[in-house]
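All chains are named by letter (A, B, ...) in the order of the sequence lines, taking the proteins before the strands, and each is independently numbered beginning at 1.
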Amino acid sequence: MIRSLITALFCSVISFNAAHAQDEKLRVVASFSIIGDFATQVGGDRIDLRILVGPNSDAHVYEPRPANAMALAEADVVLTNGLQFEGFMDRLIAASATEADVVALTENVAAREEPGGGHYHFIDGEAIFHAGGLDPHTWQSVVNAKIYVENIRDAFCEADAINCAAYEANAEAYLAELDALDAEIRASVGGLPEDRRVGVVAHNAFGYYEAEYGLRFLSPQGVSTESEASAADVAGLIEQMREADAGAIFAENISDTRLLEQIASEAGLEISGVLYSDALSEPDGPAPTYIAMMRHNTRTITSALAGDQ
Amino acid sequence: MLKQLAYSTALALVLAGGAYAQDDHDHDAEDVTLYRVFVGDHAEPSVTAFDLGEPDNRWTFETTGQNKLYSVENGAAVVAVQSFDDAVNFFTSGVSLHAHGDHSDIAVTDPTAIEETLTGPRPFHLIDHDGKAVINFDRGGYVEIVDTHALSEGELVTSQLQQARAHHGYAAPIGDLWVTSVASDEPVEGDAAPARIGLQPINADGSPAGDVETCTAIHGEAFSGAYLATGCQEGVLTVTEGADGLEFEMLEYPEDLPAGQSTGTLLGSKVMQVFLGNYGGDGLVVIDPVDEPHFRYIELPFRRVDFALDPTNARFGYVLTEDGSLHQIDMLAAEVAQSASVTEPYSMDGDWNDPRPRLAMAGDEIVLSDPNAGLVRRVSTETLEEVGTVEVEGMPYNIVVVGGSGVDHEAGSDDHDHAEEGHDHDHEDDHDTDEDHDHE
Ligand SMILES: [Zn+2]
Ligand SMILES: [Zn+2]
């Protein structure tokens, strides 16, 4: 903050023509579409935003391009999710040699352990546990999304102190909308009977949604889409679905539906719509913003589980 | 975040320790960085391996002929292709790195020669992708597919894929399909090699899965991101797996590149979806398979001897030119960022296989063989200054480096004092640092 204040002072006193802090927009890179939307909500037209992994794209397996590294190199602020969500990011940041502030938005979010993560080492006949990763899909709880927004507000204020009041005002208004959204989801899910709260998704992206709103999702894939589900994973899942009496199966916008169609037919279910897990939709789709996405997902989930589609 | 991760890791370890281990203080883990160099001699059928930081840790292996070396399976194994002696030897490197999300585990033992070898008519190009090292037998009309995971465990498990006609080419797996270079079916005089005309999708049993895509004089191949790129007279042909089979695109050389040249050697980045290719003898091209311009040309002051991409800092590649200068290539700016003299001159006049230096990367060092000096030279990527030399008997020539940084669970397991410390590290540099390991 001190550095950007000094820079701002320097520019305004020494060279009026260089027009830095006041006229030039804050150059922001967001790693994927959902935090891109948060950045837009907080930054408005004061930022020049570039999003690396766009709508309907899967950040777990994204192949970064040279243009992405160049965007990082030119950025003032880089917003990432962290928790190893963007596997490409650390090395891309290193390659870009960016001097931007790199902010992992999950920094003060309470992350949950990846279910079934971790591995054992057998050394001298003893099993040593090496912990697995943390589930990175923290934005699926609106309570966590608010922390992302606060982190973005703070990052923008630090990098662009002159416009801080505007960022604070935008964030405050948006946080209020998120509070309303959170209440709305609680009310919708709360209306479901207790025995109709189990669904199936392709990869385990909804752990925070489950924990926050009281549902349960089964999935053939883990928290990353990187490794494919095995035949044993699928067989185990179908068994689990029977035991839990799973009521609905959902496609995801970031992955193809072949595996889920197979599971649906084996379980005698139809796919009950598309959830937006790790990316927004295109602007003309049903989930072009985070709030629209959470509303769409909640509506899709609750109407399928309630059985009144 | 790192602190939080370290905390939760330590907590999980303590919890697990109570349940599964008698005393978690016995199980110390250390951050270890180890690079192991394998060098093939120019004249003698031998491979020398040594640890870069401790070159007295040294092993020598006999083979049949001159060895071109490749590291596979994230550096866990090394393949020695002996084109002039119809043999392929295999080694376990003794350094295995396994990535686990936020960290890598490293395990270090001695390298070993795998007893089984492959023989066949003129093995040449090797491409390592998707757990398979695919070796083309130029006079056999087939490729041998080596399971690199089995190789890392000391076992040679192979299968063959037939090509329509023997030629100096390659085959590579892409998703469920394969592509193979294709030779013309025109007759040739004596044992002259047939002309190479294109690239064809084939099934795993060798049957065609599509038409031959034209790629005149096809030579040089690399994977980066979702793409395979290969050099042709008319441009660089790219292949990706689409929704309905393979998608080919010919990126034609633009008009502003010097006429009459082409790309015949390609390197693929493991960090960004980008290739570095030669363009003629004294030019390089940075090739972006998606965004325009697809080609950005870099003129070198002299002809190229060898080049390499930096897997640690993907912004840079390195090229040695015949005047003995090493140039750092900025892959984003497509320009020479800095240059320094590192060896005596090695003229590119004469045969391609005359003894000349070869480059490999080892973290923040470039490691190059200097056959005439009988040395492996270590050069800092930051300053391009020499930071050390290692004497190697004979004429050190082809070179690969395996290894990287990871957590060693065996290290210091008798040391009771540092049990907590061992788990408190943060894993920043834990990614795959092996240049020859293809993106999966
Ligand atoms: Zn995900
Ligand atoms: Zn060749």
Least distance between heavy atoms, [X] atom then [Y] atom:
{"X": "Ala95(A)", "Y": "Met272(B)", "result": "CB-CE, 4.3 Å"}
{"X": "Asn313(B)", "Y": "Ala94(A)", "result": "OD1-O, 3.5 Å"}
{"X": "Pro66(A)", "Y": "Leu332(B)", "result": "O-CD2, 3.7 Å"}
{"X": "Leu92(A)", "Y": "Val271(B)", "result": "N-CG1, 4.1 Å"}

OG1/Thr240(B) to CD/Glu63(A) distance, rounded to the nearest 0.5 angstrom?
->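 Here the rounded value is 11.5 Å.
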
Is Glu382(B) atom CD crowded by more than 12 heavy atoms from other residues, nucleotides or ligands, each under 6.0 Å away?
->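 No.
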
Is there a donor-acceptor pair closer than 3.5 Å between any side-chain N or O of Arg315(B) and the backbone N or O of Ser96(A)?
->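 Side chain of Arg315(B) to backbone of Ser96(A): a pair is present.
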
